[in-house]
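What you are looking at is a predicted structure, and each value in this text was computed from that prediction instead of being measured. Below, chain A is the first sequence line, B the second, and so on; all start at residue 1.
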2 protein chains.
Amino acid sequence: MALIKPRSRRGGGRPTIADVARKAGVGAITVSRALREPERVSQDLRRQIQAAVDELGYVPDPNARALASARAEVFGVLVPSLTNNVFAEVVRGIYDSLSDSPFRIQLGNTHYSGLEEERLLQVFGSQRPAALIVAGIDQTPSSRKLLENAGCPVVQVMETGPDPIDMMVGFSHLDGGRTATEHLIEVGYRRIGFIGARMDPRSQRRLAGYRAAMEKAGLFDPRLVTTTPVPSSVSLGRDLFRDALAKMPTLDGVFCNNDDIALGVLFECHRAAIGVPNTIGIVGFNDLDMMQVAFPSITSVRTHRYEIGRRAVAMALAAIAGDRPRERIVDLGFELQRRESTAR
Amino acid sequence: MALIKPRSRRGGGRPTIADVARKAGVGAITVSRALREPERVSQDLRRQIQAAVDELGYVPDPNARALASARAEVFGVLVPSLTNNVFAEVVRGIYDSLSDSPFRIQLGNTHYSGLEEERLLQVFGSQRPAALIVAGIDQTPSSRKLLENAGCPVVQVMETGPDPIDMMVGFSHLDGGRTATEHLIEVGYRRIGFIGARMDPRSQRRLAGYRAAMEKAGLFDPRLVTTTPVPSSVSLGRDLFRDALAKMPTLDGVFCNNDDIALGVLFECHRAAIGVPNTIGIVGFNDLDMMQVAFPSITSVRTHRYEIGRRAVAMALAAIAGDRPRERIVDLGFELQRRESTAR
DNA sequence: CCGACGAATGGTAGCGCTACCAAGAAGGGC
DNA sequence: GCCCTTCTTGGTAGCGCTACCATTCGTCGG
């Protein structure tokens, strides 16, 4: 008769579900159920099991759980940048909405690269996540395929477009760019430049909106556009504005790609003693808190980043729970905040 | 004779290691080894296995791997805020350093709450992460215990202190605060205020540094200190500065808790036509890019957030590989950047 | 030529949990 | 009283992978 010696615990002796079951005098599966679907276990056992859990300090092993159920309690989140305040806000919305749920978050940084996005989707997919949230709508064809076959809800965020992979929450960057530019035109600016850094697809669409508005007013001139693929920063805003002015000294307004750029422009105006809003009008994009504090305060297009994160999670959770939202595309819009920098 | 019908694949038919093994004509364990320790498998088999992997599109299941090896390829990262640029930079350093490794990252947001930190450590610990990186040195006693018993390398980041749980990368916030304040004194300011928002432990220590410098110079006056637990923002900087001036109209300098606050102060000076640096000197903390672009440019204490993230990962990876760094505490220091806002 | 030893490969037995099915107990309608 | 459903509980058999041995084969010193 062989004496079966259990292998010494690889895991370092943490209590398992079997320990809890023994202590509570029930089957392991009942413990499992008590933890996941308490309403299916009688009051009595539930209490007994909870007592055993507390006493042993039992915490379920998410890896074992994921393996057994072929589903990890993980939301995969892919963003192009971690330091860009815009995505940080979206991610914060996601975290806050998920903090009371059992879901963990796995964050990936694509660095604005389609290839990197593909690689990360491969990695994320291998875990069988509960949902995937990805920034933007410009996935490569193979990324799209990976997302379609992920076997979980997918939410594209930050932008809306015509052809969602699954669900979408965002707004139209083209409309945002157009609205900002129309405002400048309406207030009386004529030689309005576009200044943009990074120029990711969303920035491209803001530029397209700018261009549409300018052309409609018969004001477009390609020399008014100053862009660079270099990552955005306040100092880059200053530099690009200098370039734009050198190229086009008659400039009387700028629509900036984002608020950092706008702030750089404002500071350069101060330094060069260029009057804002009289000589130059400035419009930013995103409406960070500092826009309203700046002197003069800066007109900007307010976007709802945090809310986008929250909605994305809400939609994903609904889809997981089985009642997929009726509207697959949610447009959260934007609002132009008119301030001193264009008040003339 | 019973016909053993394999259960229909729960996982939706993705190829497993057994499929690869069959196709390559080897044992499953050899495939496992070829993937994890290629040098222990002969050239021939390695090639065969790689071909099978490619053909089937096999991707290892990290959950199964974690369960079998009692170790997940995950770095747990705990920060108090996701939108604060300071932590975003640290996290970016961590991501960039880990992007070529097999390690995934699980990020947790403690919202500056010790309780939340404990809860997250509990959750993170249950996965048996490969390493844990936590911000700050002020863990609660039970968080400390959780970290000590985590069974993996632990790196405390952002700050150095006397009693590391395991390893530490950061700098002395007290010294930073003192250096900033000494600079203001040296340049000739006398009624120097401290303006601080959030007032987390690191801010407290910057304040302590400020106080030490002021007391040493015989300049300290409690009415010079204006703080709030409210989260930091540029607009809050403006508001606090107004409060400070109302309380103490003879103020001639301010050391700000961080750069956002400093920017708010600068804008308010512009708006109220208070001369900088002549009437008021301003010093910030962290030296964000915009400090050098501001007009006037703002003196600030440069800290090495990105590098802190990188070093933390490097130390953790070394510890995982078995050669624990000799120095458990790495002080990356800081540098005072003298600029126009204190140039008088 | 033999035993020792290391390198390469494989088999077995789980890791901790849950899906699936079975079974007993408790009503409920005829 | 009997059958049928519903509610609770439990047993069994994996999920896909790796730790731990065992085995085979070649090499090398004596």
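The phosphate of D:dT9 has neither OP1 nor OP2 within less than 4.0 Å of any side-chain N or O from A:T30. Put simply, B:R40 has no side-chain N or O that comes within less than 4.0 Å of OP1 or OP2 on C:dA8. In this model, the phosphate group of C:dT9 is not approached by any side-chain N or O of B:R46 to a distance below 4.0 Å at OP1 or OP2. For the OP1/OP2 pair of C:dA7 and a distance below 4.0 Å, the side-chain nitrogens and oxygens of B:S42 include no atom meeting the criterion.
Smallest separation of non-hydrogen atoms from B:L67 and A:A64: CD1-CB, 3.6 Å. In terms of heavy-atom proximity, A:R71 sits nearest to A:C152 at NH1-CB, 4.3 Å.
The listed nucleotides are D:dG10, C:dC17, D:dT18; the one nearest the side chain of A:D61 is C:dC17. Looking at the side chain of A:A68, the nearest of the listed nucleotides D:dG14, D:dT9, D:dC17 is D:dG14.
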ask   = Between B:E116 and B:R119, is a salt bridge (Lys or Arg N to Asp or Glu O under 4.0 Å) present by the stated rule, with each step listed?
value = CA-CA 5 Å; B:E116 186 63 8; B:R119 196 186 67 79; 3.0 Å; yes
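For the pair B:L67 CG and D:dG14 P, the interatomic distance rounds to 17 Å; values are reported in whole Å. For B:N63 and C:dT18, the CG to C1' distance is 13 Å, given to the nearest whole Å. Protein atom CG of A:D19 is 13 Å distant from nucleotide atom C1' of C:dC15, rounded to whole Å. Between the P atom of C:dG16 and the CD1 atom of A:I29 lies a distance of 16 Å, rounded to the nearest Å. Summarising the geometry, the separation between OH on B:Y58 and P on D:dG16 is reported as 10 Å, rounded to the nearest angstrom. If you measure from atom CZ of B:R22 to atom P of D:dC17, you get 12 Å, rounded to the nearest angstrom. Taking atom CD on A:Q48 and atom C1' on D:dG10, their separation rounds to 15 Å, with Å as the unit. When the P atom of C:dG14 is taken as reference, atom CD1 of B:I17 falls 19 Å away, rounded to whole Å.
By the 4.0 Å N-to-carboxylate-O rule, B:R310 lies too far from B:E307 to be salt-bridged with it.
Taking for each of B:L45 and A:S32 the nucleotide of DNA chain C with the nearest heavy atom, the 5'-most of the two is the partner of B:L45. Projected onto DNA chain D by closest heavy-atom contact, B:A64 and A:V26 fall at different nucleotides, the more 5' of which corresponds to A:V26.
You'll find the side chain of B:E117 reaches within 4.5 Å of the side chain of B:L78, heavy atoms only.
With hydrogens and angles ignored, a donor-acceptor pair closer than 3.5 Å exists between the side chain of A:R33 and the base of D:dG10.
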